[in-house]
Trainee: 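Pasting a structure below so you can have a look.
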Amino acid sequence: MTTSVATSNVVLDKLRDKIASLDGTGLRRRSVLPFGVGEIDAQLPGGGLAYGALHEVAGGGNGAIDGAAAALFIGGIAARTTGKVVWCLTRFDLFFPALAQVGLHPDRVIFVECDKEETVLASFEEALRYGGLGAVVAELVRLPMIASRRLQLAAEKSGTLGLVIRRWRRQTEASDFGMPTAAATRWRISVLPSEPLPVPGVGRPRWLAELMRVRAGEGGEFVIGACDGQGRICLSSDTADRPDQASRSFALA
């Protein structure tokens, strides 16, 4: 009887692994990139951003300041991966010293400059399918559901971290960020006043990081210190006495 039960358990384990490999959840469960901030990682299944998945980030407003913060947030994530990073874009307006300050040095990045968004999508998908990269980044105004599903499948197949920065030039384009996509997480980054120092001077930049959507989890809001030289973030010490603003969770469908 004991042998029969043991055999049955082995068969069930193999079946679970097979199902996980088919729907892509096995890789995501085993491989994540944690932020190293307990309050944030606790909101993410597996304790971090899933490899083999697509993640979206946008600026909280319509201006260039929040958009730049979103790009640096992405840069900090990519900096904490291992290997080359492919960055696909149509506007070559990145400020290299700022990326280096969050740990992503230009010698790690392969920039793919495209003439239109359709080419960005095609290059992004091709790089995701290639595999062996630390991360693949794409700057996009729109991300249709069908396209996002293709990108998600490409990321699952290679196990690569797919990062999308949503950028727009006009207010009418910003509303597209609210449309559903296949991304595993969706973030919105807004610039806040710098964290004050005990002496006069320039404080550490602070951001409001809103986890708008997370698959199989709950979102939340976090006041964080901007990425440091290794791409790491932290909860802002200025929010220690304001838990309602530092980590407000909300359920998402």
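These numbers come from a predicted model, not from an experiment.
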Trainee: Between Arg213 and Ala183, is there a donor-acceptor pair closer than 3.5 Å when you use the side chain of the first and the backbone of the second?
Mentor: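 Checked: pair present.
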Trainee: Taking a hydrophobic cluster as the set of Ile, Leu, Val, Met, Phe, Trp and Tyr residues connected by side-chain heavy atoms closer than 4.5 Å, whether directly or through intermediates, do Leu99 and Phe95 fall within one such cluster?
Mentor: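 No, it is not one cluster - the side chains of Leu99 and Phe95 are not joined through contacts under 4.5 Å.
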Trainee: As an exercise, state the distance from CD1 of Ile65 to CD1 of Ile189, rounded to the nearest 0.5 Å.
Mentor: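 It is 15.0 Å, given to the nearest 0.5 Å.
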Trainee: Are any of the side-chain heavy atoms of Ile40 and Ile224 separated by less than 4.5 Å?
Mentor: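 They are in side-chain contact.
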Trainee: Do Leu44 and Val37 share a hydrophobic cluster, counting only Ile, Leu, Val, Met, Phe, Trp and Tyr and linking them when any side-chain heavy atoms are less than 4.5 Å apart?
Mentor: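 Yes.
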Trainee: Working to the nearest 0.5 Å, report the span between CZ of Arg91 and SG of Cys114.
Mentor: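 So the gap between those two atoms works out to 13.5 Å.
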Trainee: When rounded to the nearest 0.5 angstrom, what is the spacing between CD1 in Ile165 and CG in Leu143?
Mentor: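 Those atoms lie 13.0 Å apart.
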Trainee: Taking atom CD as the centre, does Glu126 end up with more than 12 heavy-atom neighbours from other residues, nucleotides or ligands that are less than 6.0 angstrom away?
Mentor: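 Count not over threshold, so no.
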Trainee: Any salt bridge linking Arg166 with Glu56? Criterion: basic side-chain nitrogen under 4.0 Å from a carboxylate oxygen.
Mentor: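 Result for this pair is yes, salt bridge flagged.
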Trainee: Looking at Ala138 and Val120, what are the two nearest heavy atoms and their distance?
Mentor: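 Smallest interatomic distance, heavy atoms only, reads CB-CG1, 4.0 Å.
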Trainee: Counting only N and O atoms by type, is there a donor-acceptor contact under 3.5 Å from the side chain of Ser158 to the main-chain atoms of Gly131?
Mentor: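 Checking the backbone N and O of Gly131 against the side chain of Ser158, no donor-acceptor pair under 3.5 Å is found.
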Trainee: Please find the pair of heavy atoms, one from Thr160 and one from Leu133, that lie closest to each other, and give the distance.
Mentor: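 The pair with the smallest heavy-atom distance is CG2-O, 4.1 Å.
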Trainee: Do you know which two heavy atoms are closest between Pro106 and Ala100, and how far apart they sit?
Mentor: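 Residues Pro106 and Ala100, closest heavy atoms: CD-CB, 4.5 Å.
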Trainee: Restricting to non-hydrogen atoms, name the atom on Ser148 and the atom on Leu54 that form the minimum distance, rounded to 0.1 Å.
Mentor: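 In terms of heavy atoms, the two residues are closest at O-CD2, 3.9 Å.
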Trainee: Is there any side-chain hydrogen bond (donor to acceptor under 3.5 Å, both in side chains) pair reaching into residues 92-110, and which pairs are they, with sequence neighbours excluded?
Mentor: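 Listed by first then second residue: Thr81-Arg108, Asp93-Arg167.
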Trainee: Say whether, by atom type as modelled, one donor and one acceptor occur between the side chain of His55 and the main chain of Ile74 under 3.5 angstrom.
Mentor: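 A pair under 3.5 Å: no.
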Trainee: Are Leu49 and Leu153 in one and the same hydrophobic cluster, where Ile, Leu, Val, Met, Phe, Trp and Tyr link if side-chain heavy atoms are under 4.5 Å apart?
Mentor: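 Shared cluster, no.
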Trainee: Counting N and O atoms only, with roles assigned by atom type, does the side chain of Glu117 sit under 3.5 Å from a partner on the main chain of Val141, one being a donor and the other an acceptor?
Mentor: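 Yes, the answer is positive, given that a donor and an acceptor are paired below the 3.5 Å cut-off.
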Trainee: Can Phe92 be reached from Leu104 by stepping across I, L, V, M, F, W or Y side chains whose heavy atoms are under 4.5 Å apart?
Mentor: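 As far as the 4.5 Å side-chain criterion goes, Phe92 and Leu104 are connected within one cluster.
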Trainee: Do the side chains of Ile233 and Phe222 get nearer than 4.5 Å, heavy atoms only?
Mentor: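 Not in contact.
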Trainee: Among Val214, Ile77, Val57, exactly one meets side chain to side chain contact (heavy atoms under 4.5 Å, CB included) together with Trp187. Which residue is that?
Mentor: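 By the side chain to side chain contact (heavy atoms under 4.5 Å, CB included) criterion, Trp187 pairs with just one of Val214, Ile77, Val57: Val57.
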Trainee: Short question: side chain of Asp41, backbone of Gly36 - any donor-acceptor pair under 3.5 Å?
Mentor: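 Between the backbone of Gly36 and the side chain of Asp41 there is a qualifying donor-acceptor contact (under 3.5 Å).
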Trainee: Look up atom CZ in Arg206 and atom OG in Ser194, then write down how far apart they are to the nearest 0.5 Å.
Mentor: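 OG of Ser194 is found 8.0 Å from CZ of Arg206.
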Trainee: Do Met179 and Met145 land in one hydrophobic cluster if side-chain heavy atoms of ILVMFWY residues count as linked below 4.5 Å?
Mentor: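 No, because Met179 and Met145 fall into different hydrophobic clusters, even though each may have its own neighbours under 4.5 Å.
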Trainee: Specify the closest pair of heavy atoms between Arg204 and Arg232, including all atoms of both residues, with the distance to one decimal.
Mentor: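 So the two residues come closest at NH2-O, 3.5 Å.
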Trainee: Could you give the distance from CD (Glu218) to CG (Leu211), rounded to the nearest 0.5 Å?
Mentor: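 It comes to 10.0 Å.
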Trainee: Would you name the heavy atoms of Cys227 and Gly76 that are closest together and state the gap between them?
Mentor: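 Cys227 and Gly76 have their closest heavy atoms at SG-CA, 3.9 Å.
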Trainee: Within the distance-only criterion (no hydrogens, no angle test), does the side chain of Arg80 pair as donor or acceptor with the backbone N or O of Gly231 below 3.5 angstrom?
Mentor: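 Pair found, side chain donor or acceptor close to backbone of Gly231.
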Trainee: Considering residues, nucleotides and ligands other than Arg129, do more than 12 of their heavy atoms fall under 6.0 Å from its CZ?
Mentor: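 Yes, because the 6.0 Å sphere around CZ of Arg129 holds more than 12 heavy atoms from other groups.
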Trainee: Heavy-atom distance under 4.5 Å between the side chains of Leu72 and Trp207, does that happen here?
Mentor: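 A side-chain contact under 4.5 Å exists here.
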Trainee: Does Leu151 offer a backbone N or O that forms a donor-acceptor pair with the side chain of Glu125 under 3.5 Å?
Mentor: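 Checking the backbone N and O of Leu151 against the side chain of Glu125, no donor-acceptor pair under 3.5 Å is found.
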Trainee: Given Trp87 and Leu94, is the side chain to side chain contact (heavy atoms under 4.5 Å, CB included) satisfied, shown in steps?
Mentor: CA-CA 10 Å; Trp87 197 302; Leu94 292 172; 3.7 Å; yes
Trainee: State the CG-CZ distance between Leu140 and Phe124, to the nearest 0.5 angstrom.
Mentor: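 If I round to the nearest 0.5 Å, the distance is 7.0 Å.
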Trainee: If only atom types and distance count, is the side chain of Glu221 paired as donor or acceptor with the main-chain N or O of Glu210 below 3.5 Å?
Mentor: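 No: the side chain of Glu221 does not pair with the backbone of Glu210.
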Trainee: Can you say whether the rings of Phe111 and Phe96 are parallel (under 30°), tilted (30 to 60°) or perpendicular (over 60°)?
Mentor: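 Taking Phe96 first and then Phe111, their aromatic rings lie parallel (interplane angle under 30°).
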Trainee: Mark yes or no for whether Arg188, through its side chain, and Ala58, through its backbone, hold a donor-acceptor pair below 3.5 Å.
Mentor: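 Here the side-chain-to-backbone pair does not exist.
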Trainee: Counting only heavy atoms from other residues, nucleotides and ligands, does the tally under 6.0 Å from CD1 of Ile110 exceed 12?
Mentor: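 Count over threshold, so yes.
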